[in-house]
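Here's the structure we're looking at; comments come further down.
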Amino acid sequence: MKSFYLTTAIDYVNGSPHIGHAYEKVLTDVIARFRRLMGDEVFFLIGTDEHGQKVQMGARKRGIPAQQFVDNTAAEFRALYDRLGVSYDDFIRTTEERHQRVVREILQRLHDQGEIYRAEYRGFYSTRQEQFLQEKDRLPDGSWPEIFGEVTELVESNYFFKLRAYQDWLIDYLRTHEDFIFPRFRQKQVLEFLKEPLNDLCISRPRERLEWGIPLPFDQDFVTYVWFDALVNYVSAVWSEGAPRADRWPADFHVIGKDILVPPHAVYWPIMLHAAGIAPPKSLLVHGWWLLKGGQKMSKSTGAAVDPLDLVDRFGVDAFRYFLIREMNVGQDSEFSVELFLSRYNSDLANDLGNLVNRALNMAGRYSAGVVPAPEVLEEPERELQALWSRTRDEAISLCEGFQFHAALERTLTFIKAINRYVEQRAPWKLAKSSEPADQVLLRTALATMTEALRLGVTLLAPVIPGTTAKVNAALGHTPALKWSDELQWGTSLTGAKLQPGLVLFPRPETAKPPAV
RNA sequence: GCCAGGGUAGCUCAGUGGUAGAGCAGAGGACUCAUAAGCCUUUGGCCGCGGGUUCGAUCCCCGCCCCUGGCACCA
């Protein structure tokens, strides 16, 4: 059986991770967890991109070997993703032998097929930055910016991949696979881009200029540069006997940022695969960016970046994940500010959900000795709540399937609020003061209904805030099933369960201590 | 310049050819199981601007303005 194969972009390890890196991994993790709960066998890959000029220079600047430098930064990225609860199945590093072997194999195959040729590359070279410059790097007056130092025109021999030969094939492929890229408008953007003729792709750097890379198998004086290194991770991680494993490949989704769609993932990658006789991925999921207040772009150089670990330390992993997924409409950009974060934290998590959990456990403890009673009647308030549950569940699942996670969360929180409303309607604290048998029936029914509704509500939140779901289930004395098909039915499985006396999931910030996990 | 996305309540955003919605923030109220939380009621909008199609447009068409991103062999 083929797995649902999901990947994220591999991160370039020349700096520290920020909220953008964190978002992409959390988003993909939510998809992975959702698919698993829906019953799919999931294979979820993340990793790091560790070769190239900037890494080589970064290591040199610190006076340490490149391998040591990437070992350090890769560990930093991996630690963040572990901390964020990213449930990856494999973590690939482009410096690993298993990856390099596949890169060489594919390059050799394409070389043998005549898809790669050697030619002269002429351009303007900055010795200080150790790179060729582009025409767009020029200042308006035609001169080169100061940071490049002395710029000289020079000719360099390199290897090129026959990208252009596949342009028509790619256009045709995109026209016949309208769902290749989500959201749709991105696919139009790619087709627009392809209206201009492609140039062949320079895929090498002379070793004297760049040492930190994978040597070309057919010419040891060169290393391969970027594309045939980084992109290949998606297949090298699942490689076996000259091809990606059939139970993994083609990938169901490459999750990437909009900045690396055109041309790498939408143009180079499908063509590279096609030329090598490998099927393209099924689809690309393209997300937007987090912007600062007023639409300002996040940037490390201006210091305008958000350290995800800071928020995680202060408010917990789940609060952070919840915010990312609730605020971002997948595919579009979204604003980030601490004020927005706090607003979500307080109103959704602390007040609506957290407080509900606490009061429900407390009431059960107080009025029912901490044991969930059996429901005894089904009147209008119960019927309404159950009907809302059915709608919420169906809509949330359908929205998740279309990557509308923010909307799914919104519906789910509406259901959580409805539980609060139900509790007010039944007012167990009043029923408890009555000795009328009818009131006692209603009291037991109310306690049973609110706990069951709570169990269902937090189950629907599991892909986004798995830690919270687990804690609530534990507090409810409930061991959840692995699949949603066995979990999302309104029932009486909690009857007789022994409850925890209370649980503060999201403490208010004034008094906040970081919740344990 | 070309292409794409966006311009709706103080804020973040939904939305539909037929009297404009949610959440948060603001105001008032009843309650007390609960994290001074929850519940009920409520204030608030020339739906970027100007034309057009239509019985009727926030939604369709045209033009314009503003914001964001892309325009490759950088990742």
Side-chain angles (χ1 to χ4, degrees), chain A residues 9-12 14 49 52-54 121 123 129 131-134 136-137 158 160-161 163-164 183 185-203 225-227 229-231 257-264 266-268 288-289 291 293-297 326-327 329 331-337 339-340 342-344 346-367 404 406-407 410 413-414 417 419-432 446-447 450 502-512:
Chain A
I10 53 175
D11 297 311
Y12 198 53
N14 69 327
D49 179 12
Q53 194 78 44
K54 286 176 187 158
Y121 180 83
Q129 293 293 318
Q131 58 171 293
F132 277 95
L133 305 178
Q134 307 306 314
K136 69 179 179 187
D137 291 327
N158 262 313
F160 290 79
F161 169 58
L163 196 69
R164 188 171 198 168
F185 74 86
R186 294 281 175 204
Q187 182 135 341
K188 286 187 207 154
Q189 227 167 47
V190 177
L191 282 166
E192 199 62 35
F193 175 83
L194 288 170
K195 282 181 179 169
E196 297 296 315
L198 293 171
N199 292 328
D200 287 344
L201 186 63
C202 180
I203 60 160
Y225 196 65
V226 184
W227 316 118
D229 189 343
L231 290 167
K258 63 181 185 178
D259 52 325
I260 53 172
L261 175 66
V262 183
V267 178
Y268 301 160
W289 285 350
L291 304 173
K293 200 80 187 163
Q296 189 195 351
K297 200 165 145 185
R326 176 62 184 84
E327 286 296 311
N329 182 346
Q332 303 197 333
D333 292 342
S334 215
E335 263 186 48
F336 176 87
S337 72
E339 290 71 31
L340 286 171
L342 281 174
S343 170
R344 284 293 171 203
N346 283 324
S347 93
D348 290 4
L349 295 178
N351 295 349
D352 289 342
L353 176 58
N355 183 54
L356 172 64
V357 169
N358 198 33
R359 70 195 294 216
L361 292 173
N362 196 281
M363 278 186 269
R366 197 179 278 232
Y367 308 134
Q404 303 297 296
H406 66 300
E410 189 256 329
L413 261 290
T414 298
K417 284 167 169 293
I419 305 175
N420 272 318
R421 200 177 315 129
Y422 170 81
V423 171
E424 299 292 334
Q425 274 180 309
R426 283 308 189 194
W429 50 94
K430 286 181 187 163
L431 297 169
L447 295 174
M450 73 175 80
L503 174 62
V504 174
L505 289 167
F506 301 99
R508 296 191 64 75
E510 300 87 76
T511 59

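Values in this document were obtained by computation on a predicted structure and should not be read as measured data. Labels below follow one simple rule: chain letters A, B, ... track the order of the sequence lines, proteins then strands, and each chain is numbered from 1. Atom set for the values below is all heavy atoms of this structure, side chains included, hydrogens, waters and symmetry mates excluded.
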Requested in this report: Please state how far atom CD in A:Gln189 lies from atom P in B:U68, giving the value in whole angstrom units.
Outcome: 17 Å
**Report entry** Between P of B:C24 and CG of A:Leu349, the distance in whole Å
**Finding:** 13 Å
Report task. Of all the heavy-atom pairs spanning A:Phe506 and A:Ala350, show the shortest one and how long it is. Result -> O-CB, 3.4 Å
Query raised in the report: Where the side chain of A:Leu505 is defined as all heavy atoms beyond and including C-beta, which of B:C73, B:U35, B:G69 is the nearest nucleotide?
Result: B:U35
Report summary line: So CG of A:Leu261 and CD of A:Gln187: to nearest 0.5 Å the spacing works out to 9.0 Å
Requested in this report: Specify the separation, in whole Å, of atom CD of A:Glu339 and atom P of B:G23.
Outcome: 22 Å
Report task. Please state the C1' separation for the pair B:C31 and B:G38 - nearest whole angstrom. Result -> 10 Å
Report summary line: Here the distance between atom C1' of B:C33 and atom CD1 of A:Ile419, to the nearest Å, is 15 Å
Requested in this report: Among B:A75, B:A37, B:G23, find the nucleotide with the atom closest to the side chain of A:Arg344.
Outcome: B:G23
Report summary line: In this structure, CG of A:Asp348 is separated from CD of A:Glu410 (nearest 0.5 Å) by 9.5 Å
Report task. In whole angstrom, give me the gap between the P atoms of B:A57 and B:U53. Result -> 11 Å
Query raised in the report: Looking for any heavy atom pair under 4.0 Å, which part of the strands does A:Phe160 touch: base, sugar-phosphate only, or nothing?
Result: nothing
Query raised in the report: Considering only the P atoms, how many Å lie between B:C62 and B:A25, rounded to the nearest integer?
Result: 42 Å
Query raised in the report: If we take the C1' atom in both B:U68 and B:G48, what is their distance in whole Å?
Result: 16 Å
Query - pair A:Tyr268-A:Phe161: side-chain heavy atoms closer than 4.5 Å - result: no
Query raised in the report: Do you know the tightest heavy-atom contact between A:Pro507 and A:Leu505?
Result: CD-O, 3.5 Å
Query raised in the report: So, A:Arg421 and A:Glu424, do they make that salt bridge, N to O below 4.0 Å?
Result: no
**Report entry** Nearest listed nucleotide, side chain of A:Tyr225, among B:C33, B:A4, B:C74
**Finding:** B:C74
Query raised in the report: Mind checking the C1' distance from B:A9 to B:G70? Whole angstroms is fine.
Result: 33 Å
Query raised in the report: When rounded to the nearest 0.5 angstrom, what is the spacing between CG in A:Asp229 and CG in A:Asp49?
Result: 6.0 Å
Query raised in the report: Taking A:Asn420 for the side chain and A:Leu356 for the main chain, is one N or O donor matched with an acceptor at less than 3.5 Å?
Result: no
Report task. Drop me the distance from A:Met363's CE to A:Leu431's CG, to the nearest 0.5 angstrom. Result -> 11.0 Å
Query - First encountered from the 5' end of RNA chain B, between A:Glu196 and A:Val262 - result: A:Glu196
Query raised in the report: Is the distance from OP1 or OP2 of B:C74 to the nearest side-chain N or O of A:Tyr12 less than 4.0 Å?
Result: no
Query raised in the report: Between A:Trp429 and A:Lys188, who's closer to the 5' end of RNA chain B by nearest nucleotide?
Result: A:Lys188
Report summary line: The nucleotide from B:A37, B:A22, B:A72 with an atom nearest the side chain of A:Asn355 is B:A37
Query raised in the report: In the strands shown, is B:G26 matched to any nucleotide by a Watson-Crick or G-U wobble pair with both distances under 3.5 Å, and which?
Result: B:U42
Query - Among B:C24, B:U35, B:C73, the nucleotide that comes nearest once only the side chain of A:Ser343 is considered - result: B:C24
Query raised in the report: Is B:U58 paired to anything, Watson-Crick or G-U wobble with both distances less than 3.5 Å, and if yes, which nucleotide?
Result: none
Query raised in the report: Expressed as a whole number of Å, how far does the C1' atom of B:C47 sit from that of B:A22?
Result: 15 Å
Query - Base-pairing assignment for B:C71 (Watson-Crick or G-U wobble, both under 3.5 Å) - result: B:G1
Report task. Pick the P atom in B:U16 and in B:G21, then give their distance to the nearest Å. Result -> 14 Å
Requested in this report: Starting from P on B:G70, measure out to CZ on A:Phe185 and report it in whole angstrom.
Outcome: 13 Å
Report task. May I ask you to say what A:Leu198 touches in the nucleic acid, namely base, sugar-phosphate or nothing, with a heavy-atom cut-off under 4.0 Å? Result -> base
Query raised in the report: CG of A:Leu191 versus C1' of B:C2: gap in Å, rounded?
Result: 16 Å
Query raised in the report: B:C3, B:U32, B:A72: which one has an atom nearest the side-chain heavy atoms of A:Glu192?
Result: B:C3
Query raised in the report: To the nearest Å, how far apart are A:Phe193 CZ and B:G70 P?
Result: 13 Å
Under 3.5 Å between N/O atoms: give me all the protein pairs with nucleotides 39-43 of chain B, atom names plus distance.
unit_1, atom_1, unit_2, atom_2, d
B:C40, OP1, A:Arg421, NE, 3.1

Please tabulate, one pair per line, each protein N/O and nucleotide N/O from nucleotides 13-15 of chain B that are separated by under 3.5 Å, including the distance.
unit_1, atom_1, unit_2, atom_2, d
B:A14, OP1, A:Asn329, ND2, 3.2
B:A14, OP1, A:Gln332, OE1, 3.4

Requested in this report: Take the protein atom CD of A:Gln404 and the nucleotide atom C1' of B:A22, then report the distance between them rounded to whole Å.
Outcome: 16 Å
**Report entry** A:Arg366 vs B:A34: side-chain N/O to OP1/OP2 distance below 4.0 Å
**Finding:** yes
Query raised in the report: Does any nucleotide pair with B:C64 by Watson-Crick or G-U wobble geometry, both distances under 3.5 Å, and what is it?
Result: B:G48
Query - Beyond-backbone contact of A:Arg426 with A:Met450, side-chain heavy atoms, under 4.5 angstrom - result: no
Give each protein N/O atom lying under 3.5 Å from an N/O atom of nucleotides 25-29 of chain B, with the pair distance.
none

Query raised in the report: Quick one: does A:Ser334's side chain get under 4.5 Å of A:Asn329's, heavy atoms only?
Result: no
Query raised in the report: Should A:Arg508 and A:Asn346 count as side-chain neighbours, where that means a heavy-atom distance under 4.5 Å?
Result: yes
Report summary line: When rounded to the nearest 0.5 Å, the distance separating CG of A:Leu163 from CG of A:Leu198 is 5.0 Å
Query raised in the report: Given that both distances must come in under 3.5 Å, which nucleotide forms a Watson-Crick or G-U wobble pair with B:A34?
Result: none
Query raised in the report: Of the nucleotides B:U32, B:C74, B:U35, which has the atom closest to the A:Val226 side chain?
Result: B:C74
Query - Distance (rounded to the nearest 0.5 Å) between A:Asn358 CG and A:Leu353 CG - result: 11.0 Å
Query raised in the report: Are A:Cys202 and A:Tyr225 side-chain neighbours, meaning at least one heavy-atom pair lies under 4.5 Å?
Result: no
Query raised in the report: If we take the P atom in both B:U8 and B:C13, what is their distance in whole Å?
Result: 10 Å
Query raised in the report: Using a cut-off of 4.0 Å on non-hydrogen atoms, how would the nucleic acid contact of A:Asp200 be classed: base, sugar-phosphate, or nothing?
Result: base
